[in-house]
2 protein chains.
Amino acid sequence: MGDKGERTRERILDVSQRLILQKGFSGVAIDEIVYEAEITKGGFFYHFKNRSDLARSLMERYLEDDDRIIKDLRTQSCELVDDPLQRVLAFLKLYADALGQVEEVHPGCLVASFTYESQQFDEVIHEQVRQGAESWKRLFIEHAEPALETHECEVSLDDLGDMLNAILEGGILMSRIEGNNAILHRQIMLFRDYVRRVFHPKAA
Amino acid sequence: MGDKGERTRERILDVSQRLILQKGFSGVAIDEIVYEAEITKGGFFYHFKNRSDLARSLMERYLEDDDRIIKDLRTQSCELVDDPLQRVLAFLKLYADALGQVEEVHPGCLVASFTYESQQFDEVIHEQVRQGAESWKRLFIEHAEPALETHECEVSLDDLGDMLNAILEGGILMSRIEGNNAILHRQIMLFRDYVRRVFHPKAA
DNA sequence: CGGGAAAAACCAGATGGTCGGTATAGTTTT
DNA sequence: AAAACTATACCGACCATCTGGTTTTTCCCG
């Protein structure tokens, strides 16, 4: 199988992502990536045209992975319960567990990292970041929409989608600052509690 | 007044903060700061020992400013209403308006910026960041505590404090991504709505 | 199935540039 | 006279990128 190159490429991406989330994109030298990935500089530039290309590839992979994870949890939640609102609540519990119940602290979100260095990147990456955030929001909204058939919601799903994104990003940040991943878990559960409170069964 | 030096120092800090929030700490060269602040390199190093010193001074000033702003809003809210819970809600409305009702998008938070480049900084700055986040949280908790005399709260104030921090940081991030500061305003108002829902008057 | 050419994957090293920081000597402002 | 700079030069480290060569893998032909 001709996947040796692919494996090296993935290793470069893994190492890069880890380093970037700790030091910021501009704070990571290619020399450092090359050293940690146990390749040479030539090897790096065989796989990536330049720094920008690395950034674009990283974000692409990150968003794809994230999308898959969220969709998996959504599917799981649908298999667990039938009621649309309960599915949303189950989904949020699964999400909280997935992100918050690991020992180590969350490594950070590439979307946040790149946003705080936005002027270093070209318009292609800005668009990737926007699409990513919008995609997360839409996944939540689509999952929550069926619940509107049987329930009234006091808040717009649009605002709730933004709120989930904000809580996630903010929760990751606070967890990193405190070195305590439990914060992230609890914050998602608080959001879940809020969702529970703003939905009311429709009076038939 | 012998504050010419102080004014230059402040100008350097202003320029640095603006640039860092756009490009990240590692992404900003001292040469660039020097150019934008219309001084020379010698002038820069007259005011700051080195890069680390700049970072520490920036964070120090940022936290002091932020602390003052929050305390002002808290005082304002106390002048507006008497009921402890209403004061918290008024405070959050004032906060939302202050941060969210400006035309331009929020420039970003230095605490978040530094956290996403944490490995670039020494332990002194890590401690500043931790203290900063804890300070914001404590200011909210102290402001909300009197409400517990007359009301029951279904959620711990500790968790609510973390939630406010998370919503703020996450809201700032989402606003920047979308280029729309209204998101930040609405997210703080959603948090306010949550606070309203978890507090119940005590049955005398 | 095996050898060999082509293509893919990777290495070693050089280049030109940038950056943080230092140093020095002088000038303006307070 | 002290504080607050300017002007300029310099250094060593670092850094992105390129060139040209080498190894490894693939795969096709016999």
Side-chain angles (χ1 to χ4, degrees), chain A residues 1-59 61 113-114 117-122 124-125, chain B residues 1-59 61 113-114 117-122 124-125:
Chain A
M1 345 164 173
D3 65 346
K4 171 141 188 279
E6 193 51 40
R7 285 205 323 274
T8 304
R9 196 185 127 99
E10 283 293 311
R11 199 170 67 247
I12 295 174
L13 288 174
D14 287 343
V15 166
S16 302
Q17 182 164 324
R18 180 169 53 80
L19 291 174
I20 287 169
L21 289 175
Q22 289 168 349
K23 315 172 91 173
F25 184 73
S26 320
V28 180
I30 293 181
D31 276 333
E32 207 178 342
I33 296 169
V34 157
Y35 175 78
E36 296 261 325
E38 294 177 301
I39 48 163
T40 60
K41 237 163 175 175
F44 176 90
F45 283 102
Y46 172 79
H47 287 285
F48 302 97
K49 261 197 6 243
N50 49 34
R51 258 176 150 268
S52 281
D53 188 28
L54 172 69
R56 251 177 277 125
S57 307
L58 260 179
M59 186 52 76
R61 188 183 73 147
S113 179
F114 279 21
E117 286 179 277
S118 56
Q119 215 170 85
Q120 304 285 346
F121 303 107
D122 55 37
V124 176
I125 293 181
Chain B
M1 349 162 178
D3 65 346
K4 169 139 189 279
E6 193 50 41
R7 284 205 323 274
T8 304
R9 196 187 126 97
E10 283 293 310
R11 199 170 68 247
I12 296 174
L13 289 174
D14 288 343
V15 165
S16 302
Q17 182 164 323
R18 180 169 53 79
L19 291 174
I20 287 170
L21 289 176
Q22 288 168 351
K23 315 172 93 176
F25 184 74
S26 319
V28 181
I30 293 180
D31 282 336
E32 203 179 344
I33 296 170
V34 158
Y35 175 78
E36 296 261 324
E38 294 176 302
I39 48 163
T40 60
K41 225 165 174 177
F44 177 89
F45 283 103
Y46 174 79
H47 286 285
F48 301 97
K49 262 197 7 243
N50 48 35
R51 265 180 142 261
S52 281
D53 188 27
L54 172 69
R56 252 177 277 125
S57 306
L58 260 179
M59 185 54 76
R61 188 184 72 147
S113 179
F114 279 23
E117 286 179 275
S118 57
Q119 217 170 82
Q120 304 285 345
F121 303 106
D122 56 36
V124 176
I125 293 181

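Side chains are part of it too, since the values below use all heavy atoms of this structure and drop only hydrogens, waters and symmetry mates. Residue numbers start from 1 in every chain, and the chains themselves are labelled A, B, ... in the order their sequence lines are given, proteins ahead of strands.
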Rounded off to whole Å, could you give me the [atom1]-to-[atom2] distance for the [X] and [N] pair?
| X | N | atom1 | atom2 | value |
| --- | --- | --- | --- | --- |
| A:R7 | C:dA9 | CZ | P | 11 Å |
| B:K49 | C:dG21 | NZ | P | 11 Å |
| B:E32 | C:dG20 | CD | C1' | 14 Å |
| A:Y35 | C:dC11 | OH | C1' | 17 Å |
| A:K23 | D:dC14 | NZ | P | 11 Å |
| A:I12 | C:dA9 | CD1 | P | 11 Å |
| B:R11 | D:dC5 | CZ | C1' | 11 Å |
| A:I33 | C:dC10 | CD1 | C1' | 17 Å |

Measure from the side chain of [X], starting at C-beta and using heavy atoms only, and say which of [options] lies closest.
| X | options | result |
| --- | --- | --- |
| B:R51 | D:dT6, C:dG20, C:dC10 | C:dG20 |
| A:N50 | D:dC5, C:dG21, D:dT17 | D:dT17 |
| B:D31 | C:dC11, C:dC19, C:dG21 | C:dC19 |
| A:T8 | C:dC11, C:dC19, C:dC10 | C:dC10 |

For the residue pair [X] and [Y], what are the closest heavy atoms and their distance?
| X | Y | result |
| --- | --- | --- |
| A:I12 | A:L54 | CG2-CD1, 4.5 Å |
| A:F114 | A:F121 | O-CE1, 3.6 Å |
| A:V15 | A:E36 | CG1-CB, 3.5 Å |

In terms of side-chain heavy atoms, does A:S26 have a donor or acceptor partner in A:E117 at a distance below 3.5 Å? yes

Answer with base, sugar-phosphate or nothing: what part of the nucleic acid does B:V28 contact at a heavy-atom distance below 4.0 Å? sugar-phosphate

Please work out if B:F45 contacts a base, only the sugar-phosphate, or nothing of the nucleic acid, heavy-atom cut-off 4.0 Å. base

Phosphate oxygens OP1/OP2 of D:dA4: is one of them under 4.0 Å from a side-chain N or O of B:H47? no

Establish, with yes or no, whether the OP1 or OP2 oxygen of C:dC10 is under 4.0 angstrom from a side-chain nitrogen or oxygen of A:Y46. no

Go through B:D14 and B:R61 one step at a time and tell me if the side-chain contact (heavy atoms from CB on, under 4.5 Å) criterion holds. CA-CA 10 Å; B:D14 288 343; B:R61 188 184 72 147; 2.8 Å; yes

Once hydrogens and angles are ignored, does a donor-acceptor distance under 3.5 Å link the base of C:dG13 to the side chain of A:K41? no

